[in-house]
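Shown next, in structure tokens, is the structure this report addresses.
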Amino acid sequence: MNILQICYRVPIPAKDGGCIAMNAITESILLQKHTVKVIALNTSKHFIAEADIANEYKNKTKFESYFIDTAIKPIKALLNLFSKQSYHIERFYSKEFEKRIEKILENEKFDIVHLESIYTAPYISIIKKHNIKIILRSHNVEHLIWERLTKKISNPLKKAYLTIQTKRLKHFEIEALNKVDGIISISKEDTRYFQQKSITKPIEDLSFGISVKNYNYAAKSSCVKKIGFIGALDWQPNYNGLLWFINTVWHSLVKQNHNLELHVAGRNTPDNLHKLETQNIFIHGEVIDAKEFISEADILVVPLFAGSGIRIKIIESMALGTPVVSTSIGMEGIPCFDENNIIIANNPEEFIKKISELIVNNDKLKTVAKNARLLVEKEFNTEFISQKLIDFYKKFNSGL
């Protein structure tokens with residue numbers, strides 16, 4: 001098979017969840033001995049210089065990228081109200097990128113066009129002209145994230161604007177998913193949600209896969225000192241969750257455990273977070289090696305209250321042997337069980353109580369970590385995921 005993979009941002013270097021997920025698809029296709037061409041929008045927010053992309057990757061994917069300015073422009077955002085379009089989606093449309101997609105489809109034969117996320121859906125119409133099967137990989141239920149975020153906004157004007165935009169995004173997302181030939185959701189929860197929203201196209205839940213052998217499991221010591229947080233801090237749910245954790249959980253936790261340290265890592269860390277640094281809080285910014293950062297933490301916290309899809313950093317933490325304390329929303333999409341292979345907390349009291357229990361109960365800490373690793377080996381193994389992906393592609397062309 002020959003696959004054209006269209007990405008909403010450059011997937012390399014694969015440092016954060018979205019990039020890791022997209023690159024996992026690329027690697028899965030190659031692992032099964034098929035070919036793939038990757039073409040990506042190179043957004044202003046996550047711009048990657050050509051020199052930072054390895055030649056090996058370029059050669060095996062015939063990679064191309066096209067710059068697009070996705071920055072929010074106040075005047076354009078305001079004028080958008082007088083249209084019926086989703087401003088979330090509008091920012092990812094480029095006429096030049098559309099023309100390049102058309103040129104590629106005219107000059108090369110593909111069995112499947114694989115779209116990464118709803119933000120590549122504006123290009124569905126041009127692909128359909130070439131009579132090629134389209135599979136859309138949904139990284140999450142995008143409008144659901146914005147519904148959850150909007151509910152927590154206190155500014156009435158901002159809330160009103162985002163309410164309008166979220167409704168438009170929801171309409172666009174459901175309509176677009178019914179235009180493609182097949183959908184790959186990232187979790188069973190997302191699959192059920194889509195089916196409840198009258199999406200009739202075939203859906204396959206295909207989680208994120210990792211090469212487990214590349215994640216060295218290490219049991220934790222009996223002394224818990226470092227609490228870790230890692231996530232892109234230009235993504236509002238991560239930023240909001242971290243501030244909530246510091247303001248409502250951390251200070252009380254430190255009063256009970258004076259030697260605890262909170263280590264925060266994340267791309268595009270806002271300046272105001274650095275002002276929160278104390279003798280117990282360390283702001284690292286973007287780290288070179290996320291695996292090393294996670295491994296060095298005794299516990300990873302995921303205080304997420306808005307989101308959808310799956311948290312890839314949770315899976316990586318489980319693989320590395322770092323126990324995770326997460327909200328119920330944070331662990332959505334992962335078939336884990338509270339007190340078995342993850343610890344679930346949804347309010348300050350629960351976070352304080354459950355982290356404190358792990359600090360004093362080393363046996364529980366190690367058991368949760370061990371069970372989490374077993375879960376990853378069973379459910380998120382790349383070899384299994386890659387075969388499932390190719391089998392789904394084959395359903396859309398009997399000749400494959």
Side-chain angles (χ1 to χ4, degrees), residues 6-10 18 22 39-47 65-103 105 113-130 134-153 155-181 183 185 190 193-194 196-201 234-237 306-309:
I6 302 177
C7 301
Y8 68 103
R9 50 184 283 214
V10 176
M22 288 187 286
I39 179 171
L41 289 166
N42 200 352
T43 66
S44 52
K45 183 177 180 180
H46 301 108
F47 182 79
S65 69
Y66 286 80
F67 176 77
I68 183 170
D69 185 1
T70 54
I72 295 174
K73 308 290 197 305
I75 294 177
K76 285 188 176 181
L78 182 62
L79 291 175
N80 173 269
L81 288 175
F82 299 96
S83 73
K84 294 183 179 180
Q85 305 302 313
S86 163
Y87 188 55
H88 294 288
I89 301 297
E90 189 178 85
R91 294 183 296 118
F92 285 82
Y93 176 73
S94 161
K95 187 66 178 176
E96 290 72 24
F97 190 63
E98 184 178 65
K99 288 179 180 177
R100 182 55 191 157
I101 291 172
E102 184 168 32
K103 193 72 173 176
L105 294 176
V113 173
H114 177 111
L115 299 178
E116 292 286 354
S117 100
I118 198 66
Y119 292 111
T120 59
Y123 306 101
I124 289 174
S125 58
I126 197 67
I127 299 167
K128 278 187 168 292
K129 290 181 180 179
H130 294 268
I134 304 172
I135 306 298
L136 189 144
R137 168 74 175 285
S138 172
H139 288 229
N140 47 55
V141 184
E142 198 64 34
H143 70 263
L144 188 58
I145 295 174
W146 284 99
E147 283 178 356
R148 289 168 170 172
L149 281 172
T150 301
K151 285 179 181 177
K152 295 182 177 295
I153 291 174
N155 183 303
L157 289 177
K158 186 175 181 181
K159 191 181 189 76
Y161 182 84
L162 285 178
T163 298
I164 292 169
Q165 292 297 341
T166 300
K167 288 179 179 177
R168 290 180 178 181
L169 179 61
K170 181 177 182 178
H171 176 77
F172 177 88
E173 188 164 17
I174 292 172
E175 188 177 67
L177 290 174
N178 273 320
K179 286 181 180 178
V180 299
D181 298 289
I183 302 159
S185 72
D190 283 6
Y193 183 88
F194 287 141
Q196 291 167 1
K197 296 299 177 182
S198 302
I199 292 171
T200 59
K201 299 297 181 172
D234 54 1
W235 191 53
Q236 201 66 37
S308 176

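No more than 12 heavy atoms of other residues, nucleotides or ligands lie within 6.0 Å of NZ in Lys167, so this atom counts as exposed by the packing criterion. Dense packing is recorded around NZ of Lys159, with more than 12 heavy atoms of other residues, nucleotides or ligands lying under 6.0 Å away. For Lys158, the NZ atom counts as loosely surrounded, since its 6.0 Å shell holds 12 or fewer non-hydrogen atoms of other residues, nucleotides or ligands.
The backbone N or O of Ala77 lies less than 3.5 Å from a partner atom in the side chain of Tyr161, making a donor-acceptor pair. The backbone N or O of Thr200 sits less than 3.5 Å from a side-chain atom of Asn178, completing a donor-acceptor pair.
Proximity of Val180 to Ile135: side-chain heavy atoms (C-beta onward) are nowhere separated by under 4.5 Å. Residues Glu116 and Arg9 are not in side-chain contact: their nearest non-hydrogen atoms beyond the backbone lie 4.5 Å or more apart. By the 4.5 Å heavy-atom criterion applied to side chains, Lys152 and Arg148 are not counted as neighbours. The shortest distance between side-chain heavy atoms of Tyr93 and Arg91 does not fall below 4.5 Å. Taking the side chain as every heavy atom from C-beta outward, Ile127 and Ile6 approach each other to under 4.5 Å. Between Gln165 and Leu81, some side-chain heavy-atom pair lies under the 4.5 Å cut-off. In this structure, Arg137 and Met22 have side chains that are not in contact, with every pair of non-hydrogen atoms separated by 4.5 Å or more. When side chains are defined from C-beta on, Tyr66 does not count as touching Glu96, because their heavy atoms never get closer than 4.5 Å.
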Check the pair Lys95 / Glu98 against salt bridge (charged side-chain N to carboxylate O under 4.0 Å, His left out), numbers first and verdict last. CA-CA 5 Å; Lys95 187 66 178 176; Glu98 184 178 65; 3.2 Å; yes
Show your reasoning for whether side-chain contact (heavy atoms from CB on, under 4.5 Å) applies to Val113 and Ile101. CA-CA 10 Å; Val113 173; Ile101 291 172; over 6 Å; no
Could you go step by step and tell me if Ser65 and Phe47 meet the side-chain contact (heavy atoms from CB on, under 4.5 Å) rule? CA-CA 10 Å; Ser65 69; Phe47 182 79; over 6 Å; no
Start with the C-alpha distance between His46 and Asp234, add both sets of side-chain angles, then the distance that settles side-chain contact (heavy atoms from CB on, under 4.5 Å), and finish with yes or no. CA-CA 10 Å; His46 301 108; Asp234 54 1; 3.5 Å; yes
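Note: Tyr8 and Tyr119 have tilted aromatic rings, judged against thresholds of 30 and 60 degrees for the angle between ring planes. Relative ring orientation between His88 and Trp146 is described as tilted, the plane-to-plane angle lying within the 30° to 60° band.
From Lys197, atom NZ reaches atom CZ of Phe194 across 11.0 Å, with rounding to the nearest 0.5 Å. Interatomic distance, Glu175 CD to Ser86 OG, rounded to the nearest 0.5 Å: 11.5 Å. Taking CD1 of Ile75 as the start and CG of Asn80 as the end, the distance is 13.5 Å to the nearest 0.5 Å. Ser83 OG to Glu90 CD: the interatomic distance, rounded to the nearest 0.5 Å, is 5.5 Å. The distance from the CD1 atom of Ile118 to the CD1 atom of Ile124 is 6.5 Å, given to the nearest 0.5 Å. Here CD of Glu147 is found 10.5 Å from CG of Leu149. Values are rounded to the nearest 0.5 Å.
In plain terms, the two heavy atoms of Ile39 and Phe97 that are nearest each other are CG1-CE1, 3.4 Å. Closest approach of Thr120 to Ser117, counting heavy atoms only: OG1-O, 2.9 Å. Nearest heavy-atom pair across Ile134 and Lys128 is CD1-CG, 3.9 Å. Closest of all the heavy-atom pairs between Ser44 and Thr70 is OG-N, 3.0 Å. Here the closest heavy-atom approach between residue Ala71 and residue Asp69 is recorded as N-OD1, 3.1 Å. Residues Leu177 and Ile183 share a closest heavy-atom pair of O-CD1, 3.6 Å.
Cation-pi geometry between Arg168 and Phe172 is not met: the NZ or CZ atom fails to fall both under 6.0 Å from the ring centre and inside 45° of the normal.
The salt bridge (Lys or Arg N to Asp or Glu O under 4.0 Å) contacts involving residues 76-87 comprise nothing, where partners must be two or more places apart or lie in separate chains.
We find that Lys170 and Glu173 are not joined by a salt bridge, their nearest charged nitrogen and carboxylate oxygen being 4.0 Å or further apart.
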